[in-house]
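Working notes, beginning with the structure itself.
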Amino acid sequence: MRRGIAPVVGARVRALRFPRSRRIKPLTITPGRRAFQRRVVGRRIEAIDRLGKRIILVLNGSDRVVFEPRMTGLALLTDPPTTEHLRARFELAGAEPSELLLWDRRGLGTLRLLDPDEFAEVTGRIGPDALDLPRGEVRARLGGRRRPIKVALLDQALLAGVGNIYASELLHMARVHPTRPCDALSAREWTAVERALQRVLADAIRYEGSTLNDGTYRTALNEEGGYQNHHRVYGREGRACPRCKGRHTVERIVLAQRATFFCARCQA
DNA sequence: CATATGTCCTGAGAGC
DNA sequence: TGCTCTCAGGACATAT
């Protein structure tokens, strides 16, 4: 998502609109819309960063726009899937394309304008980015806990950036069962988890994300991602495990209210 | 402090 | 066919 909207770096925000539909509840936008617009219009987008699952527009001056897409939020440079769920339109000068759109079908996402203190509060509350960790840091941060490894991987206060799809995927790649308590993993298993985490996230980014059957996720150019074609277990309940082939089928359980997929044979 | 649960939201799909 | 119900899951508030 961040890479997709990178072309608008350097642009100046000419106008900012928050379209609203009578039928759809508005997105959480802080501060209020009026103050938000006043502080953003006229600013330049100096950089677009990412921290975990958050997209960060760094403006000249000291403010940052932080977009949390959560389940169904998108950042787009082209026409959105529907006009009804368009949440914000940044009209730009000095960049091509000339608009940055934020779209969110379910509206669970948030859009915040933060000063440096507020931004520091956010970065202090969530863990380091999962793709920017020194070796051994995954174990250092998750190890010694009694929670199941998959639940800990989803806790953004420990590591930021692993979501439900990729938690199942990386544990299958690492051959670690999702319910295993963190404090039961061996050093070898932690190494496998750490390697699989890097690998799965890097591949998912390379294939531009996972567009599931509901078709919600789109790239910045409103195209499908490709990583769903590489899923090993997610959403594949009852199908053959790609690792042990016909010997076992993928199982689905619920952990911390989230669908969890694994192969009981390969992930002991 | 660590962990568990409830809540928000809309649309797709199942089941009748 | 059209209705109701369940489910998807990210982060945070609240409870244990």
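Because the structure is predicted, anything quoted here is derived from the model rather than measured. Lettering of chains follows the sequences in order, A, B, ..., and the numbering in each one begins at 1.
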Separation of atom [atom1] in [X] from atom [atom2] in [N], rounded to whole Å:
X       : N       : atom1 : atom2 : result
M71(A)  : dC12(C) : CE    : P     : 16 Å
E68(A)  : dA11(C) : CD    : P     : 6 Å
R258(A) : dG6(B)  : CZ    : C1'   : 12 Å
L255(A) : dA4(B)  : CG    : P     : 10 Å
L111(A) : dA11(C) : CG    : P     : 16 Å

Which part of the nucleic acid does [X] contact within heavy-atom distance under 4.0 Å: base, sugar-phosphate only, or nothing?
X       : value
A259(A) : sugar-phosphate
R147(A) : sugar-phosphate
Q257(A) : base

For [X], enumerate each residue passing the salt bridge (Lys or Arg N to Asp or Glu O under 4.0 Å) test, keeping only those at least two apart in sequence or located in another chain.
X       : result
E121(A) : R125(A)
R43(A)  : none
R39(A)  : D63(A)
R139(A) : none

Between the side chains of [Y] and [X], is the shortest nitrogen-to-carboxylate-oxygen separation below 4.0 Å, so that they form an ion pair?
X       : Y       : value
R50(A)  : D129(A) : yes
E223(A) : R218(A) : no
R180(A) : E189(A) : yes
K53(A)  : E68(A)  : no

(request) For DNA chain C, determine which residues of residues 232-239 of chain A have any heavy atom closer than 4.0 angstrom to one of its atoms, and list them numerically. (result) Y234(A)
(message) Can you pull out the residues from residues 152-173 of chain A that lie within a 4.0 Å heavy-atom distance of DNA chain C?
(response) Q156(A), G163(A), N164(A)
(request) Kindly calculate the angle separating the two end axes of the helix from dA2(B)-dT16(C) to dC16(B)-dG2(C), each obtained from five base pairs, and round it to 10 degrees. (result) 50°
(request) Any chance you could list the contact pattern along nucleotides 9-14 of chain B? Use B for base contacts, S for sugar-phosphate-only contacts and - for none, protein heavy atoms under 4.0 Å, 5' to 3'. (result) BBS---
Can you give each donor-acceptor pair under 3.5 Å made by side-chain atoms of residues 230-240 of chain A, sequence neighbours left out, with the distance rounded to 0.1 Å?
{"from": "H231(A)", "atom 1": "NE2", "to": "S210(A)", "atom 2": "OG", "distance (Å)": "2.9"}
{"from": "R232(A)", "atom 1": "NE", "to": "H172(A)", "atom 2": "ND1", "distance (Å)": "3.0"}
{"from": "R232(A)", "atom 1": "NH2", "to": "H172(A)", "atom 2": "ND1", "distance (Å)": "3.3"}

(message) I'd like to know if the side chain of T82(A) pairs up with that of W103(A) as donor and acceptor (distance under 3.5 Å, no hydrogens or angles considered).
(response) yes
(request) With sequence neighbours excluded, tell me which residues meet side chain to side chain contact (heavy atoms under 4.5 Å, CB included) with T249(A). (result) none
(request) Spell out, yes or no, whether I29(A) and V13(A) are grouped together once hydrophobic residues are joined by side-chain heavy atoms under 4.5 Å, including indirect joins. (result) yes
Scan the side chains in residues 147-164 of chain A for donor-acceptor partners under 3.5 Å anywhere in the protein, sequence neighbours excluded, and list what turns up.
{"from": "R147(A)", "atom 1": "NH1", "to": "D155(A)", "atom 2": "OD2", "distance (Å)": "2.9"}
{"from": "K150(A)", "atom 1": "NZ", "to": "N164(A)", "atom 2": "OD1", "distance (Å)": "2.5"}
{"from": "K150(A)", "atom 1": "NZ", "to": "A259(A)", "atom 2": "O", "distance (Å)": "3.3"}
{"from": "K150(A)", "atom 1": "NZ", "to": "T260(A)", "atom 2": "OG1", "distance (Å)": "2.9"}
{"from": "D155(A)", "atom 1": "OD1", "to": "A157(A)", "atom 2": "N", "distance (Å)": "2.9"}
{"from": "Q156(A)", "atom 1": "OE1", "to": "G161(A)", "atom 2": "N", "distance (Å)": "2.8"}
{"from": "Q156(A)", "atom 1": "NE2", "to": "L154(A)", "atom 2": "O", "distance (Å)": "3.1"}
{"from": "Q156(A)", "atom 1": "NE2", "to": "V162(A)", "atom 2": "O", "distance (Å)": "3.1"}
{"from": "N164(A)", "atom 1": "ND2", "to": "A259(A)", "atom 2": "O", "distance (Å)": "3.0"}

(request) Would you please confirm or rule out a distance under 4.0 Å between OP1 or OP2 of dC12(C) and any side-chain N or O of R125(A)? (result) yes
Atom pairs and distances, side-chain donor-acceptor, residues 201-208 of chain A, under 3.5 Å, sequence neighbours left out:
{"from": "D203(A)", "atom 1": "OD1", "to": "R206(A)", "atom 2": "NH2", "distance (Å)": "3.2"}
{"from": "D203(A)", "atom 1": "OD2", "to": "R199(A)", "atom 2": "NE", "distance (Å)": "3.2"}

